[in-house]
Amino acid sequence: MRLLIVFIFSSLSTIGLSVNTDSLKQVISISENDTNKANALILLGDQYIRTNPDSALLLYYQGLDLAKSLEYKNGLAISNYSIAYALIGLRKRNESMPYLQTGLLYADSAGLFDLSTKFRMNLASNYQTFGMFDLAHQNYTKVLNSSEDTLTLVLVNINLAIMLSQQKDYTGADSLFSALSKRYISDLAPQYQVAFYKNYAVLKSQMIDYDQSEEYFFKALSISERTNNVVEKENMLFNLGHLYYDQGKYAESIDFIKKAMPFFVEIDDKYKVWKGHILLAQSYKYIDEKMLFQEHLGISRLYWDSIQHYGPDYELNASEEYAFIYEELGDFKEALSWLKKLSNVKDTIFDQRSRSQTSFMVSQLDLKEKAAQIKNLREEKQLESAERANERLVWIVVVTLLLSVAMVTFVIYKRYRSRQEFILEKERLENEKQKVLKEKEVLEMEQRLLLTQMNPHFIFNSLNSIKRFVENNEGEKAGEYLSQFARLMRLILESSRQEKIPIQDEIKILELYINLEHARFKGKFEFEILKSANFLDEMEDIKIPPMLIQPSVENAIEHGLSAVDYKGTLKVSFDLYEDDLRVTVEDNGQGRKNATRKDHESLGTKITEERIDGFNRDSGRKIQMRIDDLELGTKVDFTIPC
């Protein structure tokens, strides 16, 4: 089910005071550059945040600049938070990160514990959005350990459940939702009950438990109607329409989507309007209403430009929908056009994620530097205070020499200790910086791997194969090839977002890839994938790094089997020995000694070895890869701890 999961953010109001706009403007105009003016600028920004976020941002920046000049910690914390909130509302999560991280330092320093909790909630939500689940979990855990507020506890656990579902741990997510439902939900305010049931319904739909999903959507709808929450009421009607579509109940889907559509047209939610027309078009197609299908499909195409402005995730969704629709219609040229858009959007998403992760790493370094600067500032003030004390000691010397000597000795000793502590702290920060840089190198190496997982050469050859099928009027072959190619790209896109994937998913990727290459080379080689009995018994519990085996299979086909003039064979076998997974890739091709493109093959092998080194760096049991040159062909053995 393709419903978007709704993330629940902590309350984002900064100060929570009801203040007249004109009064705030008067305070700003008559105040000197003091804390009252800084507070007024931030509060005035709050008045504009929902109607004119750009003006609110400008006021927040002015408040931040004034707070900096005054060294006003509360103002620094609140203005950083306000700016981050505005940027998140403008879908600029990456830009919000430095303000969240810096503001958290000031909030902790000023003892603003409630605001610190909000900072960590939104930091965790940002990390979760970008798939950085470890960092998200760290921040959520800190909130749970520091807050005793029941609502905060529930919101954090809902987000943790959503994060488990993002990692496809549906059983764990279901257990967490169920525990919350039994203990807390009945005591929550209606808007939070709606959010809970909506998210639980989405999870149940992902688990193909449509009856429970429908029940929870209707609970959310009932609460929304009772509390006159129009926005959530229409969202629930839309979600129910989507749910009925996923079950093949097309008449019910059409009814609910039509009820919700006028509202989304009125508020100009172009994505929901586009999605509604897509669902209506598909539903009419399946009940054989061809004219209505064409009408709604045509209307949806009018919203394509607007969908592109929503961001690459929305564009990816739309491209997938159109590729699927035209593939089913047998219009392979149009499906191919949308599949190319899908490939481009996938690259855009990957580039943005890479930039975001790199930016996060850099901001972590900046954060440590700022923490050091704040510490240095405190030490400098301490030293200044000590110097003033020394000046007073000059007068005390006149009264008693012994006391002044003792005091001077004490001050010198304290300064010496402070200096030594400063040097040790500086060395510690430098060590942490080096550690972060090493982690960044690992990240960059993994990014290079992801870029090679679906290399341009393979995509180009596959698209040309589809083109030849279409030009030769081999529609059935083109459709089959296109369908497998689309499935492979979707699987690779999903797996590239996870550190480890189930072994079944890795085998699916290998099967699809080998089948496509088998078709491209017109049966030049035969292949088999073997699974031992003990492997099959434990297969459901095994997870491995994604795309670890594929480069070796690609080398076997591209540089071994494609170059021989006899019938080639490729064998991939999976076996379980004690606590290790054994994977073997064996071919009877020309072998590495006779390969004419050794540079490419060695690059794929080198990247795989670098990945293995990265995985082995922080683990006790190591992944091992061994390459043997056979009399005819090559054999690659992997030993992977389970």
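Fair warning: this is a prediction, and the values are worked out from it, not measured in the lab. Note that these values count all heavy atoms, side chains included, but never hydrogens, waters or copies made by symmetry.
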First locate atom CG of N534, then atom CZ of R582, and finally report the distance between them rounded to the nearest 0.5 Å.
11.0 Å
Given the rule in the side chain to side chain contact (heavy atoms under 4.5 Å, CB included) test, do I503 and I507 qualify, once you have shown the distances and angles that lead to the verdict?
CA-CA 6 Å; I503 190 66; I507 293 174; 4.2 Å; yes
Any side-chain donor near an acceptor of the partner, E517 and Y513, under 3.5 Å:
yes
Working to the nearest 0.5 Å, report the span between CG of L581 and CG of L576.
6.5 Å
Might you work through the salt bridge (Lys or Arg N to Asp or Glu O under 4.0 Å) test for R520 and E558, ending with a clear yes or no?
CA-CA 11 Å; R520 184 162 71 90; E558 291 286 346; 2.7 Å; yes
Any sub-3.5 Å donor-acceptor pair from H518's side-chain atoms to F525's backbone N or O?
yes
If we count only N and O atoms by modelled type, under 3.5 Å, do the side chains of D246 and S205 hold a donor and an acceptor together?
no
Note, L160 side chain near L144 side chain (heavy atom, < 4.5 Å)
yes
Side-chain contact, heavy-atom cut-off 4.5 Å: F177 with N199?
yes
Quick check: closest heavy atoms across V564 and G560, and the distance to 0.1 Å?
CG1-O, 3.5 Å
Between OG of S253 and CD of Q247, what distance do you get to the nearest 0.5 Å?
10.0 Å
With a 4.5 Å limit on heavy-atom distance, are the side chains of F527 and I557 in contact?
no
Anything under 30° is parallel, anything over 60° is perpendicular, the rest tilted; go ahead and classify Y216 against Y200.
parallel
Name all residues meeting the salt bridge (Lys or Arg N to Asp or Glu O under 4.0 Å) criterion together with E328; count only those two or more places apart in sequence or in a different chain, and write none if there are none.
K285
For L279, is there any backbone N or O sitting under 3.5 Å from a side-chain donor or acceptor partner on S283?
yes
Going by atom types only, do Y140 and N159 share a side-chain donor-acceptor pair under 3.5 Å?
yes
Report the residues that fulfil side-chain hydrogen bond (donor to acceptor under 3.5 Å, both in side chains) with D628, sequence neighbours left out, ordered by chain and then residue number.
R626
Strictly distance-based, threshold 3.5 Å: is any side-chain N or O of K622 a donor or acceptor partner for the main-chain N or O of P641?
no
Exercise: identify the closest heavy-atom pair between K524 and S562
CE-O, 3.1 Å
Can you tell if the side chain of H559 reaches within under 4.5 Å of the side chain of T634, non-hydrogen atoms only?
no
Only counting residues at least two apart or in another chain, list the ones meeting side-chain hydrogen bond (donor to acceptor under 3.5 Å, both in side chains) with Y250.
none
Just wondering, do I492 and M489 contact through their side chains at under 4.5 Å, heavy atoms?
no
What I want to check is whether the side chains of S300 and Y322 have a donor and an acceptor closer together than 3.5 Å.
yes
Stepwise side chain to side chain contact (heavy atoms under 4.5 Å, CB included) check, L570 with V585:
CA-CA 7 Å; L570 172 65; V585 180; 4.1 Å; yes
Evaluate the criterion side chain to side chain contact (heavy atoms under 4.5 Å, CB included) for residue pair Q282 and F324; output intermediate values, then yes/no.
CA-CA 11 Å; Q282 288 286 70; F324 176 75; 3.6 Å; yes
Any idea how Y303 and H277 line up, ring-wise: parallel (<30°), tilted (30 to 60°), or perpendicular (>60°)?
parallel
Using 30° and 60° as the class limits, which term best fits the ring planes of Y271 and W274: parallel, tilted or perpendicular?
tilted
Any side-chain heavy-atom pair of D209 and Y170 under 4.5 Å:
no
Exercise: identify the closest heavy-atom pair between I325 and F293
CG2-CZ, 4.2 Å
Side chains of M625 and V636 in contact at under 4.5 Å (non-hydrogen atoms):
yes
So do L176 and I158 actually touch side chain to side chain, heavy atoms under 4.5 Å?
no
Kindly compute the distance separating OG1 (T608) from CE (M547), expressed to the nearest 0.5 Å.
10.0 Å
For F332 and G479, which heavy atoms make the closest approach, and how far apart are they?
CE2-CA, 3.2 Å
